[in-house]
There are 2 protein chains.
Amino acid sequence: MPPYDPSAYPPFAVTVDLVVLTVRSHALCALAVRRGEPPFQGRWALPGGFVQPDEDLEQAAARELAEETGLHPHGGLADDVPPDRTQAQAQSQTKSPSQPSPASVPGAHLEQLATYGDPKRDPRMRVVSVAHLVLAPDLPAPRPGGDASSVRWAPVEPLLGPDGPSGAAAGEPEQGPLAFDHARILADGVERARSKIEYSSLATAFCPREFTVGELRRVYEAVWGVALDPRNFHRKVTGTPGFLVPTGGTTTRQGGRPAQLFRAGGATLLNPPMLRPEV
Amino acid sequence: MPPYDPSAYPPFAVTVDLVVLTVRSHALCALAVRRGEPPFQGRWALPGGFVQPDEDLEQAAARELAEETGLHPHGGLADDVPPDRTQAQAQSQTKSPSQPSPASVPGAHLEQLATYGDPKRDPRMRVVSVAHLVLAPDLPAPRPGGDASSVRWAPVEPLLGPDGPSGAAAGEPEQGPLAFDHARILADGVERARSKIEYSSLATAFCPREFTVGELRRVYEAVWGVALDPRNFHRKVTGTPGFLVPTGGTTTRQGGRPAQLFRAGGATLLNPPMLRPEV
DNA sequence: CCAAAAGTGTTGGGTGTACACCCATGC
DNA sequence: GCATGGGTGTACACCCAACACTTTTGG
């Protein structure tokens, strides 16, 4: 390291940005907030904010998630998650069936994604942003909190197009592409999610606490944008030890023959992995 | 985002730390520098330094690598690498055989690893460090540069032990575990390298520009710490299109029957991946 | 009865593993 | 000749893709 002289180096602002993904009506969606002030006023952006002097990066991400979106997962986030054990925490918590939660949010997943520090990424000053990735089940519409003028779940496909969200429904006023370099951050987050569900059990983070094999399959299909064979998928996931734990109950909420309900098991890594079909 | 008032947030220092890995005499080694001043004076640490106001994070990592260690890879690092194309750059550059370099350093690989921001990770002030991972071929002993009092290649196994480098050779004065949280950063970097050579062609970044299949196999064996079947390994790597390109030459530098020489091909992803044996 | 979704059985092809075996050099 | 490492052939097991078929509900 060079000689230590803090005053010789101009200050950096450090923020966290959040790529919050969920699956809604068969499509992968990301949480977006509308910016209330310049720069990029009126444009959609990823939720995020400044890191406080006394908090860890992951704590800052969890706090921002709760502040700006009203999301208050009771066990996996926003509280006292031990750092660098988020994954194990999110997995193991679903194993205790004695939680007196009527409709509480099951274990969402939070992990660091990457850090973006281009000198010109924010026109106001030098900002280094540590992006985090959150995988959440399908939630009721988020209520705006903090200073975000509005919050919505936006399908990721239009946002990832090369020239902004051109797939806007008629009558919905679109505001151009995402602010700052957030389109790139979102793309990195989506790519991470797509590859991580191949070799880990993280797809269950998109599901409610109890779910069917078919619902889990629709998660894979939405995230990957492909169709999977229901029979082989069923054999695969039920045959991987520790991936799914049957609860004994059944449901017909998808129609057809009643389906077994499962919870996420303790396994976090999938051997062999789920194979993503060629695109 | 909350209302914007830069002065309301105390400044963060932003640094880059480097996990530089290579394979030397059948062992995975990391570059370590001895700290010349407090805190942790005399202890070994990862190379690193402050990000300058006008440079990108990846540029800062490349500059620090050159400054502190004397490493001057001519094509892949330290110069005008386009950000977020490092991998393609490192791969494609080996395809132009017309470089007039007598013994130049082939394409080392540089990528962002993770960011570490625990409020107490540096006792002096709040420092957020963006760690980068470098995979380099076996190089001549690095010459110290900058203010590092000494530099060495240290086998990673002793450094990763739970209680510091206890595997020191007799007579070599050891200085306890790595400074700051660098043991954890190194562990994350090693784990990233171990998993990435499974599904990418990055193991060639540890090899000289021309190498044999056996040399590549010894890279895998050193990084994973396992023994691989030479026959199946040979079939596997030569059968993956785009992974290896024969140069036509042969060598007997490993003894035995002359072996074909290869360069890294254009493929960056391996389908199917190299399978790491159960440990 | 029919549609829809959940599950089970079976089969063929591809791929990894283990290991026998031959090849070409240096000493 | 012999040791050393390079390279090929082959048999077996396993896994996955494809698809026929049965089960259990709602309308």
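This structure is a prediction, so every number in the text was calculated from the model and none was measured. Per chain, numbering begins at 1; letters A, B, ... match sequence-line order.
Where A:Lys236 and B:Phe262 meet DNA chain D, the nucleotide closest to each residue was compared, and B:Phe262 sits on the side nearer the 5' end. Judged by closest nucleotide on DNA chain D, B:Gly214 is the one of A:Asp229 and B:Gly214 placed further toward the 5' end. Heavy-atom distances to DNA chain C give each of B:Pro272 and B:Gly256 a nearest nucleotide, and the one nearer the 5′ end belongs to B:Pro272.
For A:Leu275, counting side-chain heavy atoms from C-beta on, the closest listed nucleotide (D:dC19, D:dG9, D:dC16) is D:dC16. Closest to the side chain of A:Asn232, out of D:dA17, C:dC19, D:dA20, is D:dA17. Picking from D:dA20, D:dT24, D:dG6 the nucleotide with the shortest atom distance to the side chain of A:Pro258 gives D:dT24. Which of C:dC19, C:dG7, D:dG5 sits closest to the side chain of B:Gln254 comes down to D:dG5. Residue B:Thr252 places its side chain closer to C:dT25 than to any other of D:dG7, C:dT25, C:dA6.
The minimum heavy-atom distance between A:Glu221 and A:Leu228, with the atom names listed, is OE2-N, 3.0 Å. Between A:Ser201 and A:Ala267 the shortest heavy-atom distance is OG-O, 2.8 Å.
The CG-P distance, from B:Leu244 to D:dG7, rounds to 11 Å in whole Å. One interatomic measurement links the two molecules: CG of A:Leu261 to C1' of C:dA6, which rounds to 12 Å at whole-angstrom precision. Between A:Asn271 atom CG and D:dC15 atom C1' there is a gap of 14 Å when expressed in whole angstrom units. Taking atom CZ on B:Arg276 and atom C1' on C:dG16, their separation rounds to 17 Å, with Å as the unit. To the nearest angstrom, P of D:dA18 lies 13 Å from CZ of A:Arg235. A straight line from CD of A:Glu215 to C1' of C:dA6 spans 12 Å, rounded to a whole angstrom. Rounded to whole Å, the distance from CZ on A:Phe233 to C1' on C:dT8 is 17 Å. What separates CD of A:Gln260 from C1' of D:dT24 is a distance of 13 Å, to the nearest Å.
Under the 4.0 Å criterion applied to side-chain N and carboxylate O atoms, B:Arg184 and B:Asp188 are assigned as salt-bridge partners.
The phosphate of D:dG7 has OP1 or OP2 within less than 4.0 Å of a side-chain N or O from B:His234. Here B:Arg217 reaches the OP1 or OP2 of D:dG6: one of its side-chain N or O atoms lies under 4.0 Å away. Dashed line: the shortest gap from a side-chain N or O of B:Arg218 to OP1 or OP2 of D:dG6 is under 4.0 Å.
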>> Show, in sequence, the C-alpha distance, side-chain angles and deciding distance for B:Val226 and B:Tyr220, and conclude whether the side-chain contact (heavy atoms from CB on, under 4.5 Å) test is met.
In response: CA-CA 8 Å; B:Val226 298; B:Tyr220 275 92; over 6 Å; no

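One cannot find a donor-acceptor pair under 3.5 Å joining the base of D:dG26 and the side-chain atoms of A:Arg257.
Looking at B:Val237 and B:Val213, their side chains come closer than 4.5 Å, going by heavy atoms from C-beta outward.
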